[in-house]
Amino acid sequence: MELSTYQLPAQLSTYAAEVDWLYYVIFWISVAFFVGIVGVMGYFVVRYRSKPGVRAKKTGHSNTLEVAWTVLPLILLIVLFHWGFQSYVRGSVAPSSSLDIRVRGAQWLWEFRHPNGMEELNEVTLPVGTPIRFIMSSGDVLHSFFVPDFRVKQDVVPGRYSTLWFEATKTGKVQAYCTEYCGAPEGATGNVGHSAMLATLNIVDEETYEKFLEKGPAAPEGLSEAEWGKELVEKSGCRTCHGVDGASQMPAPNFKGLYMREEKMTSGKTIVADENYIRESILQPQAKIVSGYENLLMPPYKFGEAQLDAIIAYIKELSQE
Amino acid sequence: MSTHAESIGLADGTAADGAVHEENYLSAKGIASWLTTVDHKRIGIMYLIAVLLSFFAGGVFALLIRTELLFPGQTIMTADQYNQAFTLHGAIMVFLFIIPSIPAALGNFFLPIMIGAKDVAFPRLNLASLYIWCIGAVFSLVAIISGSVDTGWTFYTPYSSRASGAVLWMAMGIFILGFSSILTGVNFVTTVHKMRAKGLHWSRLPLFVWGMYATAVIQVLATPVLAITLLLLLVEKTTGLGIFDPALGGDPVLFQHFFWFYSHPAVYIMILPGMAIVSEIIAAFSRRKPFGYTYIALSSVAIALLGFLVWGHHMFTAGMSEYAVMVFSGLTMLVAIPSGVKVFNWIATLYKGSITLTTPMLYALSFIALFSIGGLTGIFLGTLSVDIFLHDTYFVVAHFHYVMVGGTVIAFIGGLHYWWSKMTGKVYSERYAKVAWALIFVGFNVTFLSQFVLGSRGMARRYFDYLDHFHTLHGFSSIGSYILGLGFVVLFFVLLHSLVKGEKAGPNPWNLAGYEWLTTSPPDAHNFATEFVAERGPYDYHLLDENIDEAAAKA
Ligand SMILES: [Cu+2]
């Protein structure tokens, strides 16, 4: 059931429909109240416009009216409160059969870890039709994980775990956002920081998910290996430290010309940056450190085989230009 | 006969000898006479200028924000600058403008007059409050100029505990501003209790005074919590003691509790004065005592008290226990009741009234419509599962702008028009004032109605950039903000023109029953030329009308 209306986005989780239903109930109640209030007000203003010779009538009072417009809305509100709470509880307690995914938010990326240790960055592959529970934490400040199409949201708080669950009803890509303000790097241009802290949920069928867990993600259709590598480098935040244009103003070595470059390490040895070295530099950056760059630690990354190949292909391509 | 007419304020006793007695509160000249004054009216005027300047600054930031969002991608500033722009917009508008706007400017001016007092209970404290406000504003200005306050007006930890030193200045500024707010509150509570004129018992108190009174109670009780919160933040930042920052062993959610324990009641510090003004204007231009006077008065008090119990509704997604969430949701729903009671009573006041659509009345009626939207959308946000979806989206942004701007600011401007001639002794141009009203009303709705839809479609707030499918609505919203801005510019010129070229105003141009209309415009330095005794209620239009008839019959 995919029902996206003018006001609400697509319903792509089992939970979305009940939130929408309640949303529209409140919406129509509000419309009724609003039209009533403004309608009566407008009518009175026209009907009782001051006319020469006609005086305002002395104000009376009516306890019946006062009680009526206190109690009737109160009943309505109690019903809405109860309904909202019931559905909130359903939305916050994950079924025990859920697939647990570890999520870590940090300025300004989302890391996902599957039960078998496979990690993904700013993108996560998940099976359709399975309840999924995110167990979330933050490495720095507050963040919040929000998936409008699923109608779910949960703050990610440093120093504690928070959870969020949903069950997707359709395969395809679903957009997730950070909705707790978390800053932006000073001086950087373009879309950076909080508003760039997006993630894509790749909802796939059960079988594709199993395959994914074994081999890591495969190149998206229509992208060459190097193009995919470029996309991974952009998305994974490598560019916050590494340049790709040969200019060396960045805090980490430039990727342009890196392939087969001779480099001096802090250990004193000189190495040639071949495929194996680059691979190691990504998976275990602290194994060998380029001299002159001791002051900034690069975090270790986990990538699937195909992804590593793609990144290396991209770095090679940069060196050939 | 003549004593009766005088006592109900028709005979223009004070106005008649207005010619004899040209002296008024504006007569003393020179900067020193202003800076050292303890006259509540002069302090009110200085506050008015100060809050209007703040409003202008906050407005400029608002337009910068909307211009950045006019197109997707980077438009006129970087993400970091954008974050500073919305932080300053929020902080200036909330702490420097809205909170002091009605109480400190219009309240200071009219509360003593409307209870027939010569001044507030502690005139020196009143002046001190203004100076403290200025010191707070200077601190904030330093923070703005040093240019790196980017925490959002909510200062959420641990982001704010790690942010730059300018945040310290801003926090100090707000800490200091809080004291000016507390002093105003203490003053008003005492004044209303102790300084009411003879004959002015509580059941005759103008509703504006009731609203100010309820506001003052919150100011006194809630603002210290803000001070404590900011102080703890400063201690953490300067000493590294872990209070809110988990890296130091603190709890970031504790900060949110502290912050909203003040800032939710603060919402009522902002809206109650607005409601108070609207109650006055509706009664005045329907020429009727407000329907359900007691209910309107007591609902202010109810809102003030309930307002203390609902802070948790800002934190439904923050990871509180399900039970806490349930309690806060339930209490939040209750707040809707006294607000609804006010709206229904205002409308009942119009019934069989004699309504004139003056500019202030247009603002008051707009308030009812816009505040209703603000209130009704609040029900979406009080309903738990719907709030989880809408929290921290533009829906929330639109909701609180409908309450704060559609409510408080509209009421403030309405009040400004309503009492303009009384304060300045000059008449403004009704015609152009209505043009400004129309621009503001249309501009406001275009700006913020589109934001409701943006939010319900999933647009997160505090975003420097957005995905392409949000472009149309963002475009609408930005264009609306320009119309709104234009409206304020027109308004500014209308008021300026009235000051420079406006005709002299009579003491009671609309023939109203409120006590403030019994004195000259502008009022005497001591408010009333002779001691004020309340011999009738402030809404006794039937007496006033009878008297007009009598006078006509005689002639
Ligand atoms: Cu974030």
Undergrad: Taking the side chain as everything from C-beta on, heavy atoms only, tell me whether Ile379(B) gets closer than 4.5 Å to Leu77(A).
TA: yes
Undergrad: Give, as side chain, backbone, both or neither, the part of Asp140(A) having an atom under 4.5 angstrom from any heavy atom of chain B.
TA: both
Undergrad: Can you tell me which portion of Val157(A) sits under 4.5 Å from chain B's heavy atoms? Options are side chain, backbone, both or neither.
TA: side chain
Undergrad: Answer yes or no: is there a side-chain heavy-atom contact under 4.5 Å between Phe81(A) and Met326(B)?
TA: yes
Undergrad: Which answer fits Gln107(A), side chain, backbone, both or neither, if we ask what part of it has an atom under 4.5 Å from a heavy atom of chain B?
TA: side chain
Undergrad: Taking the side chain as every heavy atom from C-beta outward, state whether Tyr463(B) and Asn191(A) have any atom pair closer than 4.5 Å.
TA: no
Undergrad: Evaluate the criterion ring-ring contact (aromatic ring centres under 6.0 Å, His included) for residue pair Phe389(B) and Tyr23(A); output intermediate values, then yes/no.
TA: CA-CA 10 Å; Phe389(B) 169 51; Tyr23(A) 177 95; 7.1 Å; no
Undergrad: Looking only at heavy atoms, what is the nearest atom pair of Thr317(B) and Gln154(A), with distance?
TA: O-NE2, 2.9 Å
Undergrad: Can you say whether Thr163(A) sits under 4.5 Å from chain B via the side chain, the backbone, both, or neither, judging by heavy atoms?
TA: neither
Undergrad: Are Tyr539(B) and Thr59(A) side-chain neighbours, meaning at least one heavy-atom pair lies under 4.5 Å?
TA: no
Undergrad: Name the region of Ile78(A), side chain, backbone, both or neither, that has any atom closer than 4.5 Å to a heavy atom of chain B.
TA: neither
Undergrad: Which region of Arg47(A), side chain (C-beta onward) or backbone (N, CA, C, O), has a non-hydrogen atom less than 4.5 Å from a non-hydrogen atom of chain B, or is it both or neither?
TA: neither
Undergrad: Side chain from CB out, backbone as N, CA, C, O: work out which of these in Ile29(A) comes under 4.5 Å of a heavy atom of chain B, or both, or neither.
TA: neither
